[in-house]
Amino acid sequence: MAHAFRKFLPLFDRVLVERFTAETVTKGGIMLPEKSQGKVLQATVVAVGPGSVNQKGEIHPVSVKVGEKVLLPEYGGTKVVLDDKDYFLFRDADILGKYVE
């Protein structure tokens with residue numbers, strides 16, 4: 001089932017995610033410069049498309065749901081700005097995994 005976010009609905013097997021923010025301060029209180037902050041690969045799913053259509057015309061649903069925390073590849077995704085905030089659009093197959101609580 002597709003879920004929209006702020007009037008934006010991903011198409012097909014696309015997933016809209018919001019990346020976690022990078023750590024700017026260590027546990028010891030040391031400020032980290034932007035260059036030394038690692039790229040954040042974790043994100044929260046904020047919207048999903050209905051899924052991909054196979055050759056028989058059947059819809060194969062997306063494997064993640066809104067609100068789940070996922071692991072992203074280091075590169076890829078399409079940056080989307082909604083309400084002055086950065087989000088990223090990935091194909092369902094590009095998402096590496098999801099965190100189970």
Measuring only between side-chain heavy atoms, which start at C-beta, is Val17 closer than 4.5 Å to Phe90?
yes

Are any non-hydrogen side-chain atoms of Leu72 and Leu96 less than 4.5 angstrom apart?
no

Could you tell me which residues satisfy side chain to side chain contact (heavy atoms under 4.5 Å, CB included) with Thr44, sequence neighbours excluded, listed by chain and number?
Phe20, Lys69

Other hydrophobic cluster members with Leu11, side-chain heavy atoms of Ile/Leu/Val/Met/Phe/Trp/Tyr under 4.5 Å, chained?
Phe12

Rounded to the nearest 0.5 Å, the NZ atom of Lys7 sits from the CG atom of Leu82 at a distance of 12.0 Å

Report yes if the side chains of Leu16 and Val45 come closer than 4.5 Å at any heavy-atom pair, otherwise no.
no

Could you check whether any side-chain heavy atom of Thr78 comes within less than 4.5 Å of a side-chain heavy atom of Phe88, counting everything from C-beta outward?
no

Go through it in stages, so that I can follow the logic: the residues are Val15 and Leu89, the test is side chain to side chain contact (heavy atoms under 4.5 Å, CB included), and I'd like the CA-CA distance, side-chain angles, deciding distance and then a yes or no.
CA-CA 6 Å; Val15 178; Leu89 203 55; over 6 Å; no

What side-chain donor-acceptor pairs closer than 3.5 Å can you find for residues 56-64, not counting sequence neighbours?
unit_1 : atom_1 : unit_2 : atom_2 : d
Glu58  : OE1    : Asn54  : ND2    : 3.1
Ser63  : OG     : Asp92  : OD1    : 2.8
Ser63  : OG     : Asp92  : OD2    : 3.2

Out of curiosity, Gln42 CD to Glu18 CD, how far, rounded to the nearest 0.5 Å?
13.5 Å

Listed by chain and number, what are the side chain to side chain contact (heavy atoms under 4.5 Å, CB included) partners of Asp84, not counting sequence neighbours?
none

Lys98, NZ atom: more than 12 neighbouring heavy atoms under 6.0 Å
yes

Contacts of type side chain to side chain donor-acceptor pair (under 3.5 Å), residue Arg91, not counting sequence neighbours:
Asp13

Do Tyr99 and Leu71 come within less than 4.5 Å of each other through their side chains, counting heavy atoms only?
yes

Residues in side chain to side chain contact (heavy atoms under 4.5 Å, CB included) with Val100, at least two apart?
none

